Amino acid sequence: MKSYALLMAILLAACAAVFAQEGPPVPVKAVWNQSGISAGGSAVLAVVFDVPKGHHITDVDNGLFLVETHDTLGLTFDSAQFPAGTKYKGDRVYQGKVVVRVPVKAAGDAKAGQYAWPIHIGYQMCQEFGQEVCFLPMDRDLEVTATIVPQGTAVTAANADVFSPQAAPAEDTGGTTLEARLIAALNKGSWLAFLLVFVGGILASFTPCVYPVIPITIGYIGGASRGKLHGLWLSFIYVLGIAVIYSSLGLISAATGTLFGSISGSPIVTFTVAAIFAIMGVSMLGAFEIALPSSLQSKMQGGGPKRGLFAPLVLGMVSGLVMAPCVGPVIVALLAWVSRNGNLLFGWSLLFVFSLGLGVLFLVIGTFSGAIQALPKAGAWMDNVKKGFGWIMLFGALYMLRLAIPEPFKTGAWAVLLITMSVFVGAFDSLGEYPSGARRLGKAVALMVFLVGAIFLFKAIGPAGNMAAVADKQEVAWLVNREPEAWTTAKDQSKPLLVDVYADWCVACKELDEKTYVVPNVIQRTGSFVRLKLDFTKQNAWVEDMKKKYKITGMPTVMLFSPSGEEITRFTGFKSADDFVALLDQHNL
């Protein structure tokens with residue numbers, strides 16, 4: 001019995017030794033991204049954990065991995081930004097050199113000098129070999145030193161090994177979504193990022209805000225193509241134009257902090273681009289000819305040695321303007337990463353590859369449209385096909401304006417276009433003495449188009465019908481730009497907060513309003529939320545503050561917060577009513 005008791009005591013002591021041990025030491029240091037902090041300026045503090053090989057730090061979500069700072073000496077510390085981590089047996093962990101970043105701002109009256117103060121850190125480390133155990137959580141104070149210099153004093157970059165793009169924190173700290181995989185690849189410096197952004201571009205090409213460019217592609221390439229491969233070549237140059245302007249706008253957005261799509265989403269730009277498309281469509285119908293210099297005219301018509309590459313390139317760039325307000329999780333994550341890391345050349349190349357993925361759909365559509373022109377010529381029939389492409393461009397131009405003009409005017413414009421088209425295609429022309437079956441069928445279709453246009457016209461000029469439709473329309477009710485009131489109400493009434501960031505120039509924002517927030521199920525489900533809309537239509541100081549506070553890089557951005565103020569989830573771009581409700585179900589809201 002004594003020996004048994006002794007054995008048990010030894011075992012218990014061994015177990016206690018295992019679970020009570022602190023594990024191997026983890027060297028931790030705090031370094032800055034520059035030689036000093038200028039009064040009124042900003043800097044980034046990095047807390048670097050050198051985790052021993054064969055070990056890892058547990059997930060930040062368990063509350064044990066932390067870096068806590070407190071404002072001091074005129075310095076204001078933002079929340080700590082943790083890296084993406086890696087997967088270990090289904091859990092997210094941190095291995096090797098782990099860099100946690102803390103953005104810091106200095107007040108304009110911060111006193112110059114060298115200072116030292118403590119910050120609090122904590123972590124739990126686990127062993128991955130032999131007896132896989134997790135050691136007791138550790139927490140301690142780490143001394144931070146900094147040099148504050150007078151305002152305007154030049155500072156130099158420092159600790160490049162820590163602040164390289166590979167060490168940047170992820171916008172999404174985990175998950176298997178495409179944007180999460182993209183951020184992980186970017187942080188590792190992997191070339192897989194180019195493949196991921198290309199796939200992201202292909203997926204983005206199927207979003208509704210890209211639709212207006214489809215008829216433009218069909219109309220122009222179909223009307224200008226000559227020969228079997230010419231449509232493919234024109235489509236490639238057209239896509240190249242899209243990629244150049246789209247990636248350049250993205251780079252400007254990331255470098256300057258402006259919202260992606262804010263410039264090209266302007267109503268002035270929208271109406272100008274639509275007018276250009278409409279003029280091109282009318283010219284393809286043969287209504288008029290624009291007198292241009294002979295050299296330029298030869299380029300536009302493909303008579304020059306370069307086979308008219310100027311026109312598809314410019315049209316592609318204009319189309320890139322149309323699609324710029326289209327954002328989604330991948331482009332938002334990419335822009336945030338480029339903005340944070342400052343590697344503009346690498347960022348532009350990633351945005352260019354994304355744009356090429358976005359253009360794959362148009363490469364296919366344009367090539368198919370051009371193939372029609374490669375059919376054996378059949379006299380007037382092919383001329384009618386070209387005119388058909390002209391009408392397609394006109395419909396595309398009007399479709400692009402669908403959210404930029406009021407409903408009655410939009411309906412009236414569709415009515416005028418349909419009625420005009422029916423007249424031009426022979427709705428009221430004589431069939432002749434012995435009309436063929438095809439001619440009779442064409443006249444019947446033209447008359448039906450006229451009838452649809454007449455119905456639209458009656459709807460546009462019928463005030464009673466329009467007023468009734470507006471009166472019966474239900475939608476989610478919002479507190480617009482009343483942010484302090486929304487937060488106070490959410491906390492006082494213990495309600496979750498729904499924040500929708502939108503702008504009048506954002507097509508996907510309006511689609512959310514018109515297709516998602518009007519669905520009865522969505523209205524019912526969001527009834528328990530405090531609902532806040534932030535209007536970013538006009539750039540001002542308040543918008544800049546809100547962009548920084550909520551880390552907005554594209555629109556629409558929709559965020560869900562708990563009553564205590566913790567962000568539950570967010571998404572960018574359009575989401576259907578069913579997908580929106582599914583998101584609420586996923587988070588038990």
Side-chain angles (χ1 to χ4, degrees), residues 25-51 57 60 65-85 94-123 138-171 173 183 186-189 254-257 336-347 547-549 551:
V26 177
V28 184
K29 64 179 179 179
V31 297
W32 296 92
N33 69 328
Q34 54 197 38
S35 58
I37 308 173
S38 176
S42 61
V44 178
L45 172 68
V47 181
V48 184
F49 297 76
D50 282 322
V51 182
I57 291 176
V60 67
F65 189 19
L66 53 90
V67 174
E68 295 178 342
T69 56
H70 301 282
D71 298 347
T72 183
L73 302 170
L75 301 178
T76 301
F77 293 83
D78 203 346
S79 301
Q81 301 174 352
F82 291 85
Y94 303 91
Q95 301 166 315
K97 184 171 74 172
V98 182
V99 180
V100 180
R101 296 187 175 194
V102 183
V104 181
K105 292 183 179 179
D109 57 355
K111 188 176 180 180
Q114 292 185 339
Y115 302 95
W117 68 93
I119 64 172
H120 189 69
I121 63 171
Y123 59 88
M138 295 291 297
D139 65 296
R140 60 188 173 94
D141 289 335
L142 177 70
E143 186 177 78
V144 175
T145 60
T147 301
I148 301 177
V149 298
Q151 192 168 9
T153 303
V155 294
T156 58
N159 299 301
D161 58 326
V162 173
F163 291 94
S164 63
Q166 288 82 357
E171 195 73 14
T173 55
I183 290 297
L186 289 171
N187 290 336
K188 294 178 181 178
T256 62
W337 187 89
V338 174
S339 176
R340 184 173 57 241
N341 290 274
N343 192 334
L344 299 183
L345 180 60
F346 185 59
K547 280 166 51 181
K548 294 176 182 177
K549 179 176 181 179
K551 300 178 182 178

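Values below: every heavy atom of this structure, side chains too, minus hydrogens, waters and symmetry copies. Just so it is clear, the structure is predicted and the values come from calculations on it, not from any experiment.
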| message | Looking at every non-hydrogen atom in both residues, tell me the closest pair between Ser79 and Pro103 and how far apart they are. | response | O-CD, 3.8 Å

| Pair listing, side chain to side chain donor-acceptor pair (under 3.5 Å) test, anchored in residues 31-51, at least two apart | Ser35-Thr156

| If we only count heavy atoms from C-beta on, is the Leu73 to Lys111 side-chain gap below 4.5 Å? | no

| said: Using every non-hydrogen atom in the two residues, find where Val100 and Ala80 come nearest and quote the distance to one decimal. | reply: CG1-CB, 3.9 Å

| message | With side-chain contact (heavy atoms from CB on, under 4.5 Å) as the criterion, how do Val98 and Phe65 come out once you've worked through the C-alpha distance, each side chain's angles and the decisive distance to 0.1 Å? | response | CA-CA 11 Å; Val98 182; Phe65 189 19; 4.0 Å; yes

| field | Parallel, tilted or perpendicular: rings of Tyr123 and Phe49 (30°, 60°) | value | perpendicular

Counting only pairs under 3.5 Å, give me each side-chain donor-acceptor contact of residues 141-152, with atom names and distances, residues two or more places apart or in other chains.
| residue | atom | partner | partner atom | Å |
| --- | --- | --- | --- | --- |
| Asp141 | OD1 | His120 | ND1 | 3.1 |

| request: Could you tell me the separation between the CG atom of Leu45 and the OG1 atom of Thr69, rounded to the nearest 0.5 Å? | output: 8.0 Å

| task | Go through the structure and list residues passing side chain to side chain contact (heavy atoms under 4.5 Å, CB included) with Lys29, not counting sequence neighbours. | result | Val31, Val48

| Tell me, do Ile37 and Val155 make a side-chain contact under 4.5 Å, heavy atoms counted? | no

| Which atoms form the tightest heavy-atom contact between Ala39 and Gly108, and what is the distance? | CB-O, 3.7 Å

| task | Would you check if Met138 and Val26 make a side-chain contact, meaning some heavy-atom pair closer than 4.5 Å? | result | no

